[in-house]
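These notes concern the structure reproduced below.
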Amino acid sequence: MKLPFQVNLKDKVVVVTGAGGVICSHLAKAIAACGAKVALLDLNKDAAQKWADEIVADGGIAKGFEANVLVKESLEKCHQEVLAEYGKCDILVNGAGGNNPRATTDNEYAELDDAAKEMKTFFELDQKGVEFVFNLNFIGTLLPSQVFAADMVGREGCSILNVSSMNAYTPLTKIPAYSGAKAAVSNFTQWLAVHFSHIGIRVNAIAPGFFSTAQNAKLLWNEDGTPTARTGKILAATPMGKFGEVDDLVGATLFLCSPEAAGFITGICVPIDGGFSSYSGV
Ligand code: NAD
């Protein structure tokens, strides 16, 4: 794979959660291309293994592992497997996350005549759906950090990279749970950076802007492939006027993971958003 620049991650053991998915499989490939041994973790082991096979075919070192970021026992079992395969974790990328329709309202704004309409409003949001999304993004970042950062204590050059989102800065309409959960991920990034600062484990995050992926396809595209009204609003609110590509996330990821390049950087969240988070709309 073509990298924007090379950092030296040779022999580093890098654990990537959510690595069966669109964004984190790509980050795993970039990290592997810098010489790391990459453990691709996902609820869907086959998806993770498929990407690992591609990395190996390209001459890298990688393997897929099954892990549920919401279940500590599952992570601990996976941790033992990673230890046996590659040794202690140097870098953890907390990529597993996402939204769920059960935690999404149909309407952007409450209106006085909503009761007469056939739709899911704020009042019908499913508590279990909200809890699921909150847990997947926040607990799903905290638990892997507990399990894999234990390997980092007392060793040099170790770090955690979390994956936040634009809605951590200002919530997006319709998705209160995902917005709150990603705000919690950004906040936790700062908390953990301070907490780990005396023992040398750096903790940072990236906040991807808008990328058209499977996770948000239903919000962005109609069934006939035409853009939804939301897509028009996103592009109008993105000064660069386009969706991001997964390649756009590689540079910041490699930079923040590299102890040589970012050794004095901890507690930051880098927006990769075509200017979305800087633009007031006027
Ligand atoms: P994706 O749906 O393609 O990938 C997510 C992966 O996480 C899937 O492979 C899924 O199987 C896995 N997963 C789900 N629950 C899990 C669990 N309990 N344990 C382990 N793995 C689990 O999503 P993506 O678009 O690649 O997003 C990756 C990250 O980037 C997420 O944290 C997401 O919130 C964030 N993000 C995405 C966008 C975007 O535009 N797609 C924007 C900002 C942030």
Side-chain angles (χ1 to χ4, degrees), residues 15-30 39-52 64-79 92-101 103-104 131-144 147-148 161-172 175 177-186 188-189 205-221 230-231 234-235 238 242-250 252-253 269-274 276-277:
V15 172
V16 182
T17 74
V22 181
I23 288 179
C24 290
S25 59
H26 199 72
L27 300 184
K29 284 182 192 173
L40 290 91
L41 276 53
D42 205 283
L43 203 50
N44 180 348
K45 187 183 171 185
D46 290 346
Q49 189 57 51
K50 186 180 106 163
W51 299 117
F65 296 85
E66 183 177 339
N68 185 343
V69 295
L70 298 175
V71 180
K72 199 152 183 194
E73 297 72 38
S74 162
L75 287 162
E76 277 164 351
K77 180 170 174 285
C78 176
H79 183 205
L92 168 66
V93 179
N94 278 313
N99 189 34
N100 186 280
T104 305
E131 287 168 355
F132 172 80
V133 171
F134 218 90
N135 286 343
L136 176 56
N137 293 280
F138 180 62
I139 302 294
T141 297
L142 185 139
L143 291 183
V147 171
F148 288 100
L161 184 72
N162 296 328
V163 180
S164 186
S165 171
M166 277 307 103
N167 50 47
Y169 299 85
T170 308
L172 303 185
I175 50 174
Y178 186 57
S179 296
K182 287 299 193 188
V185 168
S186 288
F188 177 62
T189 300
I206 55 170
F210 291 87
F211 293 72
S212 179
T213 64
Q215 179 198 312
N216 56 15
K218 284 205 173 81
L219 285 169
L220 300 183
W221 308 105
R230 195 175 181 85
T231 290
I234 289 168
L235 296 181
T238 302
K242 59 177 185 178
F243 286 109
E245 305 285 335
V246 279
D247 266 345
D248 294 323
L249 301 171
V250 169
T253 297
C269 180
V270 177
I272 305 167
D273 65 346
F276 182 92
S277 60

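In listed order, ligands and their atoms are each counted from 1. In this text, all values refer to a predicted model and were calculated from it rather than measured experimentally.
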Does some non-hydrogen atom of G140 fall short of 4.0 Å from ligand 1?
no

I'd like to know if the side chain of N135 and the backbone of I139 have a donor-acceptor N/O pair within less than 3.5 Å.
no

So, regarding N44 and ligand 1 (criterion: nitrogen or oxygen to nitrogen or oxygen, under 3.5 Å), is there a contact or not?
no

Close-contact set for ligand 1 against N68 heavy atoms, below 4.0 Å
17 (C), 18 (N), 19 (N)

Has E76 got more than 12 heavy atoms of other residues, nucleotides or ligands less than 6.0 Å from its CD?
yes

Considering both backbone and side-chain atoms of P208, is one of its nitrogen or oxygen atoms within less than 3.5 Å of a nitrogen or oxygen in ligand 1?
no

T104 side-chain N/O to N100 backbone N/O, donor-acceptor pair under 3.5 Å:
yes

Proximity winner for atom 4 (O) of ligand 1, if only heavy atoms of G21, A217, A48 are counted
G21

Identify, by atom number and element, the atoms of ligand 1 in contact range of S165, meaning under 4.0 Å from any of its heavy atoms.
43 (C), 44 (C)

By ring pair (Phe, Tyr, Trp, His ring centres under 6.0 Å), which residues pair with F276, not counting sequence neighbours?
F210

Under 4.0 Å from any heavy atom of G95, which atoms of ligand 1 are there?
28 (C), 29 (C), 31 (C), 32 (O)

Can you tell if the side chain of I206 reaches within under 4.5 Å of the side chain of L27, non-hydrogen atoms only?
yes

Numbering as shown, the atoms of ligand 1 that approach G18 to under 4.0 Å (heavy-atom distance)
6 (C), 7 (O)

Below 4.0 Å, non-hydrogen atoms only: which portion of A67 touches ligand 1? Side chain, backbone, both or neither.
backbone

S74 side-chain N/O to N68 backbone N/O, donor-acceptor pair under 3.5 Å
yes

In this structure, does ligand 1 have an atom that sits under 4.0 Å from one of the heavy atoms of T17?
no

Contact check: L136 vs ligand 1, nitrogen or oxygen atoms, below 3.5 angstrom
no

Short N/O distance, under 3.5 Å, between L70 and ligand 1?
no

For the pair D42 (side chain) and G20 (backbone), establish whether a donor and an acceptor sit closer than 3.5 Å, ignoring hydrogens and angles.
yes

Does ligand 1 have an atom that lies less than 4.0 angstrom from a heavy atom of S212?
no

Checking heavy atoms under 4.0 Å, the part of T213 that sits near ligand 1 is side chain

I'd like to know if the side chain of E66 and the backbone of K45 have a donor-acceptor N/O pair within less than 3.5 Å.
no

Validation row: L41, V15 side chains within 4.5 angstrom (heavy atoms):
yes

Report yes if V163 has an N/O atom closer than 3.5 Å to an N/O atom of ligand 1; otherwise report no.
no

Could you pull out, from G97, G98, C24, the option with a heavy atom nearest to atom 5 (C) of ligand 1?
G97

Quick check: does any side chain N or O of K77 sit under 3.5 Å from a backbone N or O of A67, one acting as donor and the other as acceptor?
no

Any idea which of F211, F243, F132 brings a heavy atom closest to atom 40 (O) of ligand 1?
F211

Among G244, C78, S164, which one puts a heavy atom closest to atom 44 (C) of ligand 1?
S164

Within ligand 1, which atoms have a heavy atom of Y178 less than 4.0 Å away?
33 (C), 34 (O), 35 (C), 36 (N), 44 (C)

Looking at T17 and G95, would you say the former's side chain and the latter's main chain have a donor-acceptor pair under 3.5 Å?
yes

Can a non-hydrogen atom of M166 be found less than 4.0 Å from any atom of ligand 1?
no

List in chain and number order the residues that pass side-chain contact (heavy atoms from CB on, under 4.5 Å) with A184, two or more places apart in sequence or in another chain; answer none if no residue qualifies.
F134, F138

